[in-house]
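Below: the structure, in structure tokens.
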Amino acid sequence: MSTARRLQFSLKHLLAAPVVLAIILGAFGWLGLGWGLFVLITAVAILAGTYGAKTRSEKTAICTIWVMLVIFLPLAIPSPRSGAGRRATCQNNMRQIALALLAYQADHGCFPPPYIADDEGRPMHSWRVLILPYLERIDAYKQYRFDEPWNGPNNRKIGALRFNFFQCPSDIAANGASTATNYLAVVGPGTVWREEKSTSFDDIRDGVSETILLVEVANSGIQWSEPRDLHVNQMAPWINPRAGQGISSGHPGGVILTFADGHSEFIPNTLPPETLRALLSIDGGEQIDHSWWDSQ
């Protein structure tokens with residue numbers, strides 16, 4: 001009798017092991033919040049049923065559910081190499097950068113300037129360098145020298161470092177790994193990234209949830225440490241323009257935009273130009289057409 005009980009206990013733990021593994025993966029963000037919660041709820045139900053099952057038929061039913069979960073759940077989870085997986089990773093990158101910007105804002109009372117200039121007004125250092133400590137790369141930040149330009153002898157070595165959080169995996173898949181960044185600020189009058197002064201939350205009178213903080217640009221050609229971004233007066237006013245500079249991505253159908261409250265959204269190519277201009281403005285008083293927004 002004692003042997004049977006020990007065997008039964010061991011089998012239950014063996015059956016539960018893959019579910020526990022799925023919970024751990026979900027907790028670390030591999031499955032995302034939605035699938036993580038789904039797996040957690042399912043796992044709790046299965047474990048509770050397994051240990052509470054009395055009859056052979058109840059145990060058989062629970063084992064069947066477990067087998068179906070193990071077989072079909074991986075099929076529903078996007079691979080990081082798939083289009084959906086790359087988009088999810090890209091959105092997570094932008095969220096990570098947004099959180100770093102928000103942490104900088106909390107410490108300094110404003111977002112970083114788009115660049116630090118020399119005495120003659122020439123851009124010397126990028127905002128991306130300034131937030132390295134908030135991205136857990138204090139080591140690179142400490143090695144960076146602000147007494148020489150971004151492409152000086154020492155800073156060229158820092159700029160040659162490649163950080164995954166500055167590059168969209170779709171761009172890596174298309175062009176290979178590089179030190180270029182896909183996450184840019186839209187710089188210029190009326191935007192969060194004004195050249196004349198840094199922007200605080202109080203300056204964003206249109207609402208932080210409806211003001212763009214960060215955009216994607218596919219194949220930007222801009223090194224992550226380079227003090228160069230997308231200027232509002234030189235970009236096309238629509239998503240994925242066929243020619244010229246503009247907000248773009250390697251994700252089919254649209255781009256990911258990050259807003260000043262830290263949240264990110266996938267925005268389709270059909271975003272009207274007037275809506276894009278309104279979202280870039282911090283205090284224009286424009287009314288966002290939510291009937292269009294919510295219907296997408």
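Separating the OG1 atom in Thr211 from the CD1 atom in Ile282 is a distance of 7.5 Å, to the nearest 0.5 Å. Taking CG of Leu271 as the reference point, atom CZ of Arg277 lies at 10.5 Å (rounded to 0.5 Å). Here CD1 of Ile158 is found 9.0 Å from OG of Ser225. Values are rounded to the nearest 0.5 Å. Rounded to the nearest 0.5 Å, atoms CD1 (Ile212) and CG (Leu280) are 4.0 Å apart. One distance of note links CG of Asn269 with OG of Ser248; it measures 10.0 Å at 0.5 Å rounding. If you take CG on Leu101 and CG on Leu213, they are separated by 5.0 Å, rounding to the nearest 0.5 Å.
Of the possible polar contacts, none joining the Glu210 side chain to the Ile288 backbone as a donor-acceptor pair under 3.5 Å is found. The backbone N or O of Asp171 sits nowhere less than 3.5 Å from a side-chain atom of Arg86 that would complete a donor-acceptor pair. Proximity of a side-chain donor or acceptor of Thr179 to a complementary backbone N or O of Ala160 within less than 3.5 Å is not detected.
Between Phe166 and Trp224, the ring planes lie parallel to each other; the angle is under 30°, not in the 30° to 60° tilted range. Ring planes of Trp193 and Phe111: tilted class, angle from 30 to 60°.
Criterion: ILVMFWY side-chain heavy atoms under 4.5 Å apart, direct or through other members. Under it, Tyr134 and Leu161 are part of a common hydrophobic cluster. When the side chains of ILVMFWY residues are joined at heavy-atom separations under 4.5 Å, either directly or via intervening members, Phe259 and Leu230 end up in a single hydrophobic cluster. In the hydrophobic clustering of this structure, Leu184 does not group with Met94; members are Ile, Leu, Val, Met, Phe, Trp, Tyr whose side-chain heavy atoms approach within less than 4.5 Å, directly or through other members. Ile204 is connected to Tyr104 through a chain of hydrophobic side-chain contacts under 4.5 Å among Ile, Leu, Val, Met, Phe, Trp and Tyr, so both are in one cluster. Under the 4.5 Å side-chain heavy-atom criterion for Ile, Leu, Val, Met, Phe, Trp and Tyr, Tyr141 and Tyr183 are members of the same hydrophobic cluster.
Under the 6.0 Å distance and 45° angle rule, Arg137 does not count as a cation-pi partner of Phe163.
When side chains are defined from C-beta on, Val255 counts as touching Asn240, because their heavy atoms get closer than 4.5 Å. Residues Met235 and Leu276 form a side-chain contact, since some pair of their non-hydrogen atoms from C-beta on lies under 4.5 Å apart. When side chains are defined from C-beta on, Val187 counts as touching Glu195, because their heavy atoms get closer than 4.5 Å. Using a 4.5 Å cut-off on side-chain heavy atoms (C-beta onward), Asn233 and Pro189 make contact. The closest side-chain heavy-atom distance from His108 to Leu130 is not below 4.5 Å. Using a 4.5 Å heavy-atom cutoff, the side chains of His125 and Pro227 are not in contact. In this structure the side chain of Phe201 reaches within 4.5 angstrom of the side chain of Leu102, judged on heavy atoms. In this structure, the side chains of Ile256 and Ser249 stay at 4.5 Å or more apart for every pair of heavy atoms.
Counting heavy atoms of neighbouring residues, nucleotides and ligands inside a 6.0 Å radius, atom CZ of Arg162 exceeds 12 of them.
For the residue pair Pro112 and Ser198, the shortest heavy atom distance occurs at C-OG, 4.2 Å. The heavy-atom pair separating Val129 from Phe146 by the smallest distance is CG1-CZ, 4.0 Å. Residue Ile239 comes nearest to Pro268 through the heavy atom pair CG1-O, 4.0 Å, listed as atom of the first residue, atom of the second, then distance. Heavy-atom minimum distance, Asn155 versus Glu148: N-OE2, 2.7 Å. Phe266 and Gly253 get closest at one heavy-atom pair: CZ-C, 3.9 Å. Here the closest non-hydrogen pair linking Asn182 and Asn219 is ND2-N, 3.5 Å.
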Derivation of the side chain to side chain contact (heavy atoms under 4.5 Å, CB included) call for Asp203 and Arg194: CA-CA 11 Å; Asp203 297 322; Arg194 300 175 293 178; 3.1 Å; yes
Verdict with reasoning, His251 to Glu216, per side chain to side chain contact (heavy atoms under 4.5 Å, CB included): CA-CA 10 Å; His251 313 304; Glu216 277 191 276; 3.1 Å; yes
side-chain hydrogen bond (donor to acceptor under 3.5 Å, both in side chains) evaluation trace for Arg95 with Ser264: CA-CA 7 Å; Arg95 187 181 297 114; Ser264 299; 5.3 Å; no
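In this model, no donor atom of one side chain and acceptor atom of the other lie less than 3.5 Å apart for Asn92 and Thr89.
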